[in-house]
Amino acid sequence: MNYQKLGFKCGVECHQQLEGKKLFCSCPAIIKDDKPDFIVRRKLRASAGEKGAVDIAAKYEQKIGKEFIYNIYKDCTCLVELDDEPPHEVNKDALKIALQISMLLNARINDKIQFMRKVVIDGSNTSAFQRTALIAMDGYIETSKGRVNIPTICLEEEAAKIVEKTDVQVVYNLSRLGIPLLEIATDASIKDPEHAKEVSEKIGMILRSVDGIKRGLGTIRQDVNVSIENGTRVELKGFQELKSIPKVIQGEIDRQLKLIQKGEKLKSEVRNAKPDGTSEFLRPMPGAERMYPETDIPTIDITPEMMSKILEREINFDKFLIKGLDNNFVAKVLIDIPKEIKSRLNLDSSKLKDSDFLLVLNEISKGAPRQAAIDMLADIIKDGKLNVKKYKGVSDKELESDIKGIIAKNKGASINALVGEIMKKYHGKVEGKKVVDLIKKLS
Amino acid sequence: MPEKLKEGDLIEVSVDSKVLRGILMPSTKSALVLKLENGYNIGIETRKIKNIKLLKQPEKKGKVLEKLDLDKNLKNVLILHTGGTVASRVDYKTGGVSAKFEPEELIELFPELKKIVNIKSKLLFNIFSEDMNFSHYKKMARAVYDNSDKFDGIIITHGTDTLGYTACALAFMLENLHIPVILVGAQRSSDRGSSDAFLNLFCAASFIAKVDFVGVGICMHDLSSDDNCVILPACKTRKLHTSRRDAFRVVNGNIIAKVSKAGDILELAKIPDKTGKLTLKDKLEDKVGILRLYPNISTKQINQFKSYKGIVIEGTGLGHINKESINAVKNLINSGLIVIMTSQCIFGRVNMNVYSRGRELLNIGVISAGDMLTETVYIKLAWLLANYSKKEAKELITKNLRNELSERSVYEEKFIEF
């Protein structure tokens with residue numbers, strides 16, 4: 001498919017939860033899902049924004065007129081989440097992480113940060129708005145298909161999690177509400193569905209490089225905005241894994257093409273990605289008139305002193321983009337492995353220089369096994385240098401002939417026994433999976 | 001910032017190598033606030049700005065408000081608007097929430113009200129309730145008096161901070177009130193979708209529509225949930241929480257009614273009978289004050305009331321003050337002040353016969369407030385001193401005039417619910 005010809009436009013929004021306390025109160029940022037301690041019932045109404053107009057999405061929700069039921073957990077929700085107390089001061093740690101990420105994304109940080117109320121009346125926010133602030137603008141990341149701009153980086157409140165939904169009511173888990181959330185949005189310069197996945201991976205990698213980021217299922221979410229010529233902008237959300245992004249985008253392109261062919265008018269809407277690569281209607285696309293200032297929180301000045309304390313360790317990822325290595329693996333080597341060396345091997349990984357990481361990544365790109373990365377880096381810390389030969393990869397040809405020989409010598413032996421025999425010889429130089437595949441192929 | 005620019009103008013601001021486009025918001029000398037096209041507001045330090053270009057001035061739209069048709073089968077209700085969170089929105093000048101509603105906008109925002117009652121609305125004034133004084137009570141009482149024959153009921157929108165004082169003042173000033181006057185506040189401003197203003201207004205209107213109540217009441221949330229509202233007695237209700245929706249609770253008494261979100265009356269106390277002719281007694285004495293006793297208090301605190309006509313002492317426990325203060329209080333009484341004792345316990349009844357200190361206070365002429373709230377006694381005393389002789393005032397302060405004082409202390413399993 002020629003995406004350029006299609007008029008393909010695509011941007012990604014990454015939402016990342018932060019660890020620690022909630023954004024506007026001192027409740028711990030933990031999500032519970034056992035039996036709630038209390039239940040509170042509420043109704044929400046559409047209200048006019050700063051410019052006096054009621055948002056389309058808000059009107060839609062009000063028409064439904066649902067009742068919202070909030071599950072309350074004493075130890076991680078308080079009156080702030082219940083909209084029964086004004087927000088406390090902004091969580092300084094969360095703000096610091098937002099500033100760190102903004103710098104890593106090469107963005108320009110705003111002099112003054114004002115939290116806004118983004119109107120949301122589907123009940124996921126008890127206040128009927130989400131508090132959000134634009135922290136930085138005009139960032140970018142480099143990708144294999146060129147630079148992708150990051151026009152906005154926002155710090156906001158996570159919404160309450162839906163538990164159950166019927167025609168008349170929605171039950172929400174209030175423990176998730178208020179967890180600090182970073183929103184990183186690219187512009188529409190993503191080239192194709194695969195590229196959207198690459199961009200998401202790269203942003204995820206940068207996020208993981210700072211401390212205080214939540215890890216695990218559901219702690220990072222991607223929304224993808226897609227449109228094609230004669231079609232319309234649709235927001236896709238709810239991706240289970242990054243792998244599914246290209247397929248769901250492709251599905252949306254196909255859906256729009258089909259509708260265009262039939263001569264139907266397309267509606268701008270939010271759609272939920274399903275595991276099978278299709279998507280379903282969620283709600284109409286919210287309009288632009290849905291924000292007004294959060295007057296309970298004073299404007300925050302970002303001073304040079306504050307900025308000078310922000311960055312502890314800056315990683316310039318672009319330096320480490322090596323052909324043949326995917327972003328996730330590079331991030332693992334740069335971020336996760338040093339942490340593991342410190343905790344598991346008790347070695348001082350802060351001694352590692354950029355050139356050391358580059359050396360190891362280069363060796364791996366030339367054939368050294370991936371799982372040797374930690375040993376290689378550990379060797380550098382212990383010995384001050386890397387014995388390249390120790391981890392030198394074996395050429396496929398060499399390996400194949402050896403395997404053939406061993407199979408011939410050990411007729412009737414199980415695969416496991418054969419693998420064991422080969423790994424004895426090539427320990428740390430080839431990947432087990434590769435050996436298994438070759439044995440299956442050759443025997 | 002160039003002076004010709006006005007808030008609301010679409011402008012282009014050049015900063016460094018970047019041009020930012022957006023709507024000019026209220027700004028300070030050191031920083032310009034811009035609302036970007038994506039809806040976010042950002043601040044830009046003015047010293048960094050190279051150039052500002054005006055692109056477009058906002059279009060002026062004349063607002064057309066819906067004309068209200070009257071339904072002959074419905075009761076006629078007047079909404080008197082005084083300000084506060086119940087009818088507030090964002091103020092661009094201060095960045096804070098302030099009362100800035102045209103009364104009709106309330107109906108435009110809450111069209112459901114029209115189905116229950118015929119609404120007329122009038123702006124009395126527009127202030128925060130902490131700024132209210134006796135002159136405002138007089139205006140409100142006068143407005144109720146003037147409209148009491150034209151309407152079946154009156155709703156007064158009011159800031160919550162001092163709503164209890166106002167309710168009590170109106171109850172005293174409007175003698176033999178023959179219609180319901182319900183004060184309605186909100187703890188979340190009505191510019192937000194989660195505001196409690198709507199349910200409070202709706203339940204107040206439903207109560208007026210369905211119950212032939214006479215007198216002054218307050219309508220607020222029963223609990224944090226948007227399930228029911230309660231109609232609370234004017235002189236026995238106190239704001240007991242800074243921020244919760246259900247902040248208003250009855251102290252030493254019971255609710256008048258409970259109204260559901262569907263407008264049904266779930267509970268109803270005995271409604272007083274209509275008696276006599278409405279009389280406006282709207283005078284209040286300014287020289288009345290409140291003194292809260294605390295450990296280590298200086299007698300100077302007490303002496304400052306020398307030129308007053310009466311004070312309420314919010315004493316400790318059953319109604320006590322420290323030994324060192326007795327002489328100062330005695331001097332006040334000897335110079336002509338009426339001194340009433342309430343308790344800072346809030347709940348319960350003053351009884352100065354139990355301990356010798358109490359008896360000593362009774363001997364020097366301190367009067368027990370019984371189970372009346374401090375705020376209520378303050379208003380009642382100001383009202384009595386302005387409308388009656390000192391002798392009458394001293395007698396009437398201990399009589400129940402507006403359901404502000406009860407004879408019995410009724411048992412409840414929990415005297416306070418949460």
Side-chain angles (χ1 to χ4, degrees), chain A residues 38-52 58 61-62 67-70 72 79-80 82-86 108 110-121 125-129 132-134 137-138 151-152 154 185 288-293 295-296 298-302, chain B residues 8 15-18 20 23 25-26 28 30-33 35-46 48 58 61 63 89-92 94-98 105 108-110 187-199 221 223-227 241-247 261:
Chain A
F38 300 106
I39 277 167
V40 157
R41 277 179 300 275
R42 293 272 172 77
K43 278 226 167 184
L44 297 178
R45 300 172 62 80
S47 62
E50 219 172 5
K51 291 194 231 154
E61 295 289 352
Q62 185 174 322
E67 184 175 58
F68 305 114
I69 295 177
Y70 297 103
I72 299 161
L79 289 184
V80 174
L82 263 166
D83 189 45
D84 254 339
E85 183 174 297
R108 208 165 44 80
N110 292 322
D111 302 333
K112 283 174 188 296
I113 289 170
Q114 177 164 39
F115 275 90
M116 305 293 290
R117 296 171 169 179
K118 189 192 274 185
V119 175
V120 184
I121 67 159
N125 290 74
T126 45
S127 54
F129 50 73
T132 172
L134 182 59
M137 294 188 288
D138 306 321
T152 58
C154 297
E289 277 186 315
R290 53 169 190 173
M291 282 213 247
Y292 62 109
T295 44
D296 298 341
T299 308
I300 302 156
D301 287 328
I302 303 300
Chain B
V15 198
D16 307 327
S17 56
K18 172 92 185 161
L20 293 161
I23 291 166
M25 289 281 118
T28 60
S30 63
L32 181 143
V33 179
K35 187 177 195 66
L36 302 175
E37 277 160 340
N38 61 15
Y40 282 97
N41 290 16
I42 57 158
I44 308 158
E45 281 186 47
T46 25
K48 290 188 186 166
K61 273 189 232 160
K63 220 172 184 176
R89 59 174 9 176
V90 175
D91 182 357
Y92 293 99
T94 61
V97 175
S98 73
E105 284 181 286
E108 196 185 43
L109 205 61
F110 306 132
Q187 290 280 77
R188 298 283 94 76
S189 58
S190 52
D191 59 87
R192 53 208 273 171
S194 63
S195 172
D196 49 331
F198 170 70
L199 190 65
H221 267 53
L223 296 170
S224 181
S225 289
D226 287 330
D227 286 342
H241 199 280
T242 57
S243 59
R244 282 177 64 134
R245 285 161 170 74
D246 50 356
K261 63 186 169 196

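Naming: A, B, ... by sequence-line order, numbering from 1 per chain.
Residues B/K35 and A/Q114 have side chains not in contact (no heavy-atom distance under 4.5 Å, counting atoms from C-beta outward). With a 4.5 Å cut-off on side-chain heavy atoms, A/V119 and B/R192 do not count as touching. Between B/R245 and A/V40, every side-chain heavy-atom pair lies at or beyond the 4.5 Å cut-off.
A/D111 and B/E45 get closest at one heavy-atom pair: OD2-N, 2.9 Å. The nearest pair of heavy atoms linking B/S194 to A/A128 is N-CB, 3.5 Å. Across B/G39 and A/M116, no two heavy atoms sit closer than the pair O-CE, 3.3 Å. Closest approach of B/R188 to A/D83, counting heavy atoms only: NH1-O, 2.7 Å.
With a threshold of 4.5 angstrom between heavy atoms, A/T299 does not approach chain B through any atom at all. Heavy atoms of A/T132 lying under 4.5 Å from chain B belong to its backbone as well as its side chain. The part of A/L79 that comes within reach of chain B is its side chain, from C-beta onward, which places non-hydrogen atoms under 4.5 angstrom from that chain. Using a 4.5 Å cut-off between heavy atoms, B/L199 does not touch chain A at all. Contact of A/D138 with chain B is made through the side chain alone, with heavy-atom distances under 4.5 Å.
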Next item on the list: Go through the steps to decide whether B/Y40 and A/C154 satisfy the test side chain to side chain contact (heavy atoms under 4.5 Å, CB included), and finish with yes or no.
Entry: CA-CA 10 Å; B/Y40 282 97; A/C154 297; 3.2 Å; yes
Notebook entry, point to check: Could you go step by step and tell me if A/D84 and B/H241 meet the side chain to side chain contact (heavy atoms under 4.5 Å, CB included) rule?
Noted result: CA-CA 10 Å; A/D84 254 339; B/H241 199 280; over 6 Å; no
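To the nearest 0.5 Å, atom CG of residue A/L134 and atom CG of residue B/N38 are 6.0 Å apart. Distance check: B/S30 OG to A/D301 CG gives 7.5 Å after rounding to the nearest 0.5 Å. In this structure, A/R45 CZ and B/D226 CG are separated by 10.5 Å, a value rounded to the nearest 0.5 Å. The CG atom of A/N110 lies 7.5 Å from the CG atom of B/L36; values are rounded to the nearest 0.5 Å.
Partners of B/D227 according to the side-chain contact (heavy atoms from CB on, under 4.5 Å) rule, which considers only residues two or more places apart in sequence or in another chain, are A/R41, A/E67, B/S225, B/K261.
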